[in-house]
There are 2 protein chains.
Amino acid sequence: MDVDTRLLRYFQAVAEEGNLTKAAARLYISQPALTKQIRRLEYQLGAGLFERSKAGMALTGPGAALAESIGPVLDAWGRAERAVRAAEAASSKVLRVGFLASAANEKTQAITAAFRERRPDWRVELRQASWGAPIAALASGEVAAAFMRLPFPDQDAFHLLELLTEPRCVAMAANHPLARRDALVFADLLDEPFIAAPAATGAFRDHWIGAESRGGHPVKVGAVTEHPDDWLTAIANGDGIALAPASAARYYARPDIVYRDLDGIAPSTVALAWPKATQPTPALADFITTASEMADRRLPHARRSAVCGSEVI
Amino acid sequence: MDVDTRLLRYFQAVAEEGNLTKAAARLYISQPALTKQIRRLEYQLGAGLFERSKAGMALTGPGAALAESIGPVLDAWGRAERAVRAAEAASSKVLRVGFLASAANEKTQAITAAFRERRPDWRVELRQASWGAPIAALASGEVAAAFMRLPFPDQDAFHLLELLTEPRCVAMAANHPLARRDALVFADLLDEPFIAAPAATGAFRDHWIGAESRGGHPVKVGAVTEHPDDWLTAIANGDGIALAPASAARYYARPDIVYRDLDGIAPSTVALAWPKATQPTPALADFITTASEMADRRLPHARRSAVCGSEVI
DNA sequence: CACATCCATAACCGGAGGTTATCGAAACAG
DNA sequence: CTGTTTCGATAACCTCCGGTTATGGATGTG
């Protein structure tokens, strides 16, 4: 019998959530669609996979058997996909590098330039992505490596090379009351609504709402955004404020948004990430070496107070 | 990215055949459909998988990478499918046993009866299949075991328990000229057209056109059939003659078909087959034990001349 | 030069996979 | 006891995917 890996992912989601509705939400499809797919899978396999009840969906014997053996299938396909993409990149001499919207900056420039010098016959392709996407692109081998802000979900599955660390500041609408002050401490922001990343991004989202510095103080979420564009718009719109790396003040300067120095919050680190699952290709290895030569050895604390204020723009 | 295992099988077929048209034929789909699918796969993976030429399709670098890593994916899914089917069978206490059309007979009866006695709470489900299908059903775990005639394709992937061996005779239309003779030798049939199994059944097909006793003499194929019904119809219709196990004279007796003893051809063996890939379940193990207790120890050569003639019916 | 072979393209059709809207049954809060 | 919420199932609908047949264009081959 044939299956689509999509169907397997669907099943896995339902098995893990124990609940059709939640699983459907996680998969970004409607609940009826998922109902139909799961029933079809059951029909095709000739086995009841779930015990339906008001409480949700519980695995049956055959269901548990499938849940156990599904991992290897998806893993095998993941490896196959990465192998193809790596072979393709090698034969066309392209190194594809993803970057999380806000993680690219002067370092990226410098690294790619140095790599070009080392491998003149190769091309570097930079691919921007939304907050959540780079991990997917990394996992599927669509990009060989990615510039990421730490932490990010499923981080343990990747090798990390830390490149730079910079303080975080706060971004807000130009007409925000707090904008009148030159420097703030994080405690000032505890009750402000924040512009957040989607819940699916887990630790990444938490980091950028300052969860680790709130001491349990709940966060008000003013809006959820996927891309830098929406993010900037939401801030300018006054939907809420947001933490941002200091360099954002330069890279995302807008008249209706101001950036203010912030104390009482940990800095942000940019790292180059690449999958542990497969051996790096020679070209990627070169890129990593190049990157490690350009990495900061120590945090640039000295520049701290100068980078973030609006006067820098 | 998601794929259907069907697409992977398609790719595999093309890679092995090196030729779209042949691969399409082997997959029982039209050539344009296959063209479309392969192109789609290439598009989705963002890589050229084949080098097209007049001579056919040759694998590129990425194509070779995919070809290598596809096996594990299909294997993993095969294991998953078998695991589910086995769990389902266990929880509903059903032992599903396939049988190649002509391989069922008194032995089958006796074995299932004895098994029922050993496991009264279990049910045995017998599933008849066309010449080629039982292997597929076995491989996918749709049936836990199958009664087969040896040889059959991919036989090495299965454990075999030989149950009985019986001479082969010849079946032909009642009005066939050779039907007037009581006993024949295979050499008499060399120029007769034969009713054959599909080419895909490989060694099985060869065995039943007597390839091993022809000494290179080419075979005329009068018709190709999938099921016993078509087979009988084709014989009665005079499209050709066919080799048949002696017991066919009893199990497939019809007024318009006669069976004649045949010399100069090897006998046929019925065996119980089950996959090597997975550990037999306890119930299957019991079934195998039961079967081995009922297996013939020696060929029943003594009965040879009595079983085949039409007078037995 | 005619022909066979092999892949690509075009036009068409049914069904699979998704959507929104709605329902019925249980669990739960007041 | 009742109103509300939270499950999954069902219905009606639309789009596009995966197949079909028919045909074309390029390249070897007798």
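Any value given below was found using the heavy atoms of this structure, including those in side chains, with hydrogens, waters and symmetry copies removed. Computed from a predicted structure; not experimentally measured.
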Engineer: Using a 4.5 Å cut-off on heavy atoms from C-beta on, say whether the side chain of A:M57 contacts that of A:E51.
Structural biologist: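 A:E51 vs A:M57: side chains apart.
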Engineer: Could you give the CG-to-P distance, from A:L27 to C:dT19, as a whole number of Å?
Structural biologist: 11 Å
Engineer: Would you say B:R40 places a side-chain N or O within less than 4.0 Å of OP1 or OP2 belonging to D:dG18?
Structural biologist: yes
Engineer: Is a side-chain N or O of B:N19 found less than 3.5 angstrom from the main chain of B:K22, in a donor-acceptor match?
Structural biologist: yes
Engineer: Please confirm whether the shortest side-chain N or O distance from B:R52 to OP1 or OP2 of C:dA8 is below 4.0 Å.
Structural biologist: yes
Engineer: May I ask you to verify if any side-chain N or O of B:N19 is less than 4.0 angstrom from the OP1 or OP2 atom of C:dC7?
Structural biologist: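 Yes.
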Engineer: Go nucleotide by nucleotide along DNA chain C from the 5' end; which of B:K22 and B:P32 gets its closest nucleotide reached first?
Structural biologist: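 Taking each residue's closest nucleotide, the earlier one in sequence belongs to B:K22.
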Engineer: Would you kindly give the CG-to-P distance between B:L41 and D:dG18, to the nearest whole Å?
Structural biologist: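 The distance from CG of B:L41 to P of D:dG18 comes to 11 Å, rounded to the nearest Å.
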Engineer: If the cut-off is 4.0 Å, is A:S30 near the phosphate of C:dT19, judged by side-chain N/O to OP1 or OP2?
Structural biologist: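 For A:S30, the contact criterion (side-chain N or O under 4.0 Å from OP1 or OP2 of C:dT19) is met.
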Engineer: Return the value, rounded to whole Å, for the distance between atom CG of B:D4 and atom C1' of C:dA16.
Structural biologist: 12 Å
Engineer: Report the distance from atom CD of A:Q31 to atom P of D:dG8, rounded to the nearest whole Å.
Structural biologist: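 Rounded to the whole Å, the gap is 7 Å.
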Engineer: Closer than 4.0 angstrom, basic N to acidic O: yes or no for A:E81 and A:R79?
Structural biologist: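 Answer for the salt bridge query: no.
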Engineer: Whole angstroms only, please: what is the CD1-P distance between A:I29 and C:dA16?
Structural biologist: 17 Å
Engineer: How do B:G18 and A:L34 order along DNA chain C: which one's closest nucleotide is nearer the 5' end?
Structural biologist: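 Nearer the 5' end of the strand: B:G18.
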Engineer: Ignoring hydrogens, what is the shortest heavy-atom contact between A:R96 and A:E142? Give both atom names and the distance.
Structural biologist: CD-O, 3.5 Å
Engineer: Can you tell if the side chain of A:V97 reaches within under 4.5 Å of the side chain of A:L95, non-hydrogen atoms only?
Structural biologist: yes
Engineer: Can you list, in residue-number order, the parts of residues 7-16 of chain B that come under 4.0 Å of DNA chain C, counting heavy atoms only?
Structural biologist: none
Engineer: Have a look at A:T21 and say if it touches a base, only the backbone sugar-phosphate, or nothing, with a 4.0 Å heavy-atom cut-off.
Structural biologist: sugar-phosphate
Engineer: If you define the side chain from C-beta out and look only at heavy atoms, does anything of B:F50 sit under 4.5 Å from B:F11?
Structural biologist: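 Counting from C-beta outward, B:F50 and B:F11 do come under 4.5 Å.
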Engineer: Reckon B:Q37 touches a base, only the sugar-phosphate, or nothing at all at heavy-atom distances under 4.0 Å?
Structural biologist: sugar-phosphate
Engineer: Taking atom C1' of C:dT5 as reference, at what distance in whole Å does atom CG of B:L20 sit?
Structural biologist: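 Rounded to the whole Å, the gap is 12 Å.
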Engineer: Answer yes or no: does atom CD of A:E68 have more than 12 heavy-atom neighbours from other residues, nucleotides or ligands under 6.0 Å?
Structural biologist: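 Open: at most 12 neighbouring heavy atoms sit under 6.0 Å from CD of A:E68.
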Engineer: State which of C:dG18, D:dG18, D:dG8 makes the closest approach to the side chain of B:K36.
Structural biologist: D:dG18
Engineer: Which whole-number value in Å describes the distance from B:Q44 CD to D:dG18 C1'?
Structural biologist: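 Nearest whole value for this atom pair: 13 Å.
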Engineer: Starting from C1' on D:dG19, measure out to CZ on B:R39 and report it in whole angstrom.
Structural biologist: 17 Å
Engineer: What's the closest nucleotide to the side chain of B:R6 if the choices are D:dT21, D:dG19, D:dG8?
Structural biologist: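 Side chain of B:R6 sits closest to D:dG19.
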Engineer: Against the six-membered ring of A:F194, is A:R214 placed for a cation-pi contact (under 6.0 Å from the centre, within 45° of the normal)?
Structural biologist: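 Positive - A:R214 is close enough to the ring of A:F194 and near enough to its axis.
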